[in-house]
Amino acid sequence: MNVKNGFCAVVCFAALSCAACGRSNRAPVACDAARMYRMIEALASDSLEGRRAASGNDMRAARYLAEELREAGCEPLWEEMAVPFEMGDAAERNGMRDILDGEWNDSSCNVVAVIRSGRPDAEKILLGAHYDHMGRFKRDKGAAEAGVVLYGANDNASGVAAVAEIARLLAPYAAEFKRDLIVALFGAEEMGIVGSRRLERMLRDSSVVVGHMMNLEMLGRMRGDTLVLQGGATCRSDEVAESVPRPDSLFVHVADEFSAGSDHIAFARRMIPVSFFVTTDCSTLHRATDTPESLDMRGMEKAVNYIAEYLRRLLDADDLPPWEPKRELI
């Protein structure tokens with residue numbers, strides 16, 4: 001997660017007009033925690049060296065993720081799933097070249113796919129997470145030693161694995177949905193939310209209308225069985241959140257806070273309602289201890305099942321929640 005502009009961000013969700021909400025005969029989704037853990041291990045491996053944007057390792061991670069999304073039932077939104085973008089001066093402007101080690105390329109990459117519903121004219125939902133992390137620091141920084149790989153298992157291999165798993169769970173129902181689902185894995189979030197800004201502009205330039213954006217971040221360390229849905233600043237989220245069945249042990253905290261610390265901000269600034277899910281233990285953020293072994297996969301499994309059902313209600317809705325900001329956005 002990018003913390004330059006503050007840690008947790010926002011979300012929201014409004015009242016849905018949806019005849020299917022709460023009355024679907026489909027069985028609840030059940031994610032495969034072992035499959036998610038294998039993806040997290042692959043992304044947080046020594047070979048990818050922390051997936052720093054513009055390092056070359058980000059491109060290798062993107063190619064791996066494109067194959068995973070194909071296997072999950074997605075197809076490219078455009079010609080290829082891996083969509084390169086120029087970094088510009090983002091790394092310099094945000095001070096990352098001064099603190100992060102390694103060679104620097106001029107570009108990074110988003111991974112962009114779609115699950116088509118058969119209703120191409122309806123406004124779409126975008127489900128996303130950033131796949132990049134920090135790589136290595138040049139010098140000691142806080143609890144992180146110079147030269148030690150920052151694996152980014154929770155931040156944000158967990159969110160990426162959740163996106164891929166949710167795509168796999170929902171793809172078989174695509175013909176029943178009332179809108180397409182765009183699946184996006186963003187590059188260069190840690191460099192200043194670069195990839196999501198580039199993608200938002202590309203979607204507008206391609207006349208792709210996004211009616212709601214869902215962002216998943218750091219889902220692997222749940223404290224007190226609490227999943228946070230930050231919201232209320234761009235639209236209402238409480239009504240749909242309450243409509244989703246949950247285990248008795250899962251508490252979903254619907255919050256009104258809004259900050260600019262992750263990829264949803266690129267869409268919220270264009271008056272697109274967003275839903276941002278995050279878990280509550282940030283103790284490994286940007287530390288070498290953010291490894292697969294440190295994750296709470298039991299909690300993540302519950303969170304992902306809940307988020308998948310939340311998304312399914314949006315995909316089933318006759319109308320998506322309108323833009324209803326409570327304050328001027330950051």
Side-chain angles (χ1 to χ4, degrees), residues 1-3 7-8 30-53 55 57-58 60-65 67-68 71-72 100-102 129-137 140-166 168-169 185-187 189-190 215-228 247 249-251 261-262 277-308:
M1 165 166 274
N2 183 286
V3 294
F7 164 52
C8 282
C31 69
D32 186 335
R35 183 191 301 268
M36 291 192 294
Y37 191 77
R38 288 193 296 272
M39 181 175 288
I40 292 167
E41 283 189 311
L43 290 170
S45 64
D46 287 327
S47 63
L48 292 181
E49 297 184 339
R51 310 184 306 281
R52 198 207 72 207
S55 67
N57 292 313
D58 54 333
R60 294 171 56 213
R63 289 192 291 271
Y64 161 73
L65 292 170
E67 290 305 314
E68 289 293 316
E71 291 185 11
L100 298 181
D101 201 10
H130 77 89
Y131 71 87
D132 66 304
H133 195 55
M134 305 288 285
R136 307 171 192 262
F137 286 121
D140 291 355
K141 183 175 173 60
E145 298 180 5
V148 175
V149 175
L150 304 176
Y151 291 103
N154 194 34
D155 182 19
N156 188 33
S158 66
V160 170
V163 166
E165 181 66 4
I166 290 169
R168 184 185 70 84
L169 291 171
L185 303 175
F186 305 114
E189 188 262 6
E190 302 286 2
N215 185 26
L216 309 187
E217 178 92 66
M218 300 201 307
L219 296 178
R221 292 184 61 85
M222 187 179 289
R223 182 189 296 124
D225 279 344
T226 297
L227 174 65
V228 176
S249 58
L250 179 67
F251 173 66
S262 191
F277 287 95
V278 63
T279 52
T280 47
D281 184 348
C282 304
S283 59
T284 62
L285 179 66
H286 295 177
R287 297 186 178 188
T289 52
D290 188 5
T291 61
E293 297 79 16
S294 73
L295 301 183
D296 168 20
M297 293 305 297
R298 172 184 161 275
M300 182 171 170
E301 181 178 3
K302 290 189 293 185
V304 172
N305 285 340
Y306 177 86
I307 294 166

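None of these values were measured; they are calculated from a predicted model.
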- Query: With no hydrogens and no angle check, is any side-chain donor or acceptor of Asp281 less than 3.5 Å from a backbone partner on Arg223?
  - Reply: no

- Heavy atoms, side chains only, cut-off 4.5 Å: are Tyr151 and Asp46 in contact? yes

- Query: How many angstroms lie between CZ in Arg287 and CZ in Phe137, if you round to the nearest 0.5 Å?
  - Reply: 11.0 Å

- Item | Over all atoms of both residues, closest heavy-atom pair of Ala164 and Met39 | CB-CE, 3.7 Å

- Task: Find out whether Leu250 and Met222 are in side-chain contact, i.e. whether some heavy atom of one side chain is under 4.5 Å from a heavy atom of the other.
- Result: yes

- Close side-chain approach of Arg51 and Asn57, heavy atoms under 4.5 Å: no

- Please round to the nearest 0.5 Å and tell me the distance separating atom CZ of Arg52 and atom CE of Met134. 10.5 Å

- With a 4.5 Å limit on heavy-atom distance, are the side chains of Met300 and Ile40 in contact? yes

- Between the side chain of Asn154 and the main-chain N/O of Gly220, is any donor-acceptor distance below 3.5 Å? yes

- Query: Got Val304 and Ile166 here, is their nearest side-chain heavy-atom distance under 4.5 Å?
  - Reply: yes

- Message: Check Glu165 with Arg168, please: is the shortest side-chain N to carboxylate O separation under 4.0 Å?
- Response: yes

- Task: Answer yes or no: is there a donor N or O on one side and an acceptor on the other, between the side chain of Asp132 and the main chain of Glu190, under 3.5 Å?
- Result: yes

- Quick one: pull up CZ in Phe277 and CG in Leu219 and give me the separation to the nearest 0.5 Å. 9.0 Å

- Is the backbone of Arg221 close enough, under 3.5 Å, to the side chain of Thr279 for a donor and an acceptor to pair up by distance? yes

- Closest contact, heavy atoms only, Met218 versus Asn156: N-OD1, 2.9 Å

- Looking at Ser249 and Lys302, what are the two nearest heavy atoms and their distance? OG-NZ, 2.9 Å

- Message: Using a 3.5 Å distance criterion without hydrogens, assess whether the side chain of Arg63 forms a donor-acceptor pair with backbone atoms of Asp58.
- Response: no

- Message: Just by distance, no angles: are the side chains of Asn215 and Ser262 close enough, under 3.5 Å, to form a donor-acceptor pair?
- Response: yes

- Message: Within the 4.5 Å heavy-atom criterion, are Asp225 and Arg298 side-chain neighbours or not?
- Response: yes

- Message: With heavy-atom distances below 4.5 Å as the criterion, would you say the side chains of Thr291 and Thr284 are in contact?
- Response: no

- Message: I need the minimum non-hydrogen distance between Cys31 and Asn305, along with the two atoms involved.
- Response: N-OD1, 2.7 Å

- Nearest heavy-atom neighbours spanning Ala42 and Leu48: O-CD1, 3.5 Å

- Note on the structure: Here the gap from Ser158 atom OG to Asp296 atom CG, rounded to the nearest 0.5 Å, amounts to 11.0 Å

- Supply the atom-to-atom distance Glu49 CD to Leu150 CG, rounded to the nearest 0.5 angstrom. 11.5 Å

- Query: Can Arg136 and Asp101 be counted as an ion pair, charged N to O under 4.0 angstrom?
  - Reply: no

- Sub-4.5 Å side-chain heavy-atom contact between Thr289 and Ser294: no

- Task: Verify, without hydrogens or angle tests, whether Ser47 (side chain) and Ser45 (backbone) share a donor-acceptor contact under 3.5 angstrom.
- Result: no

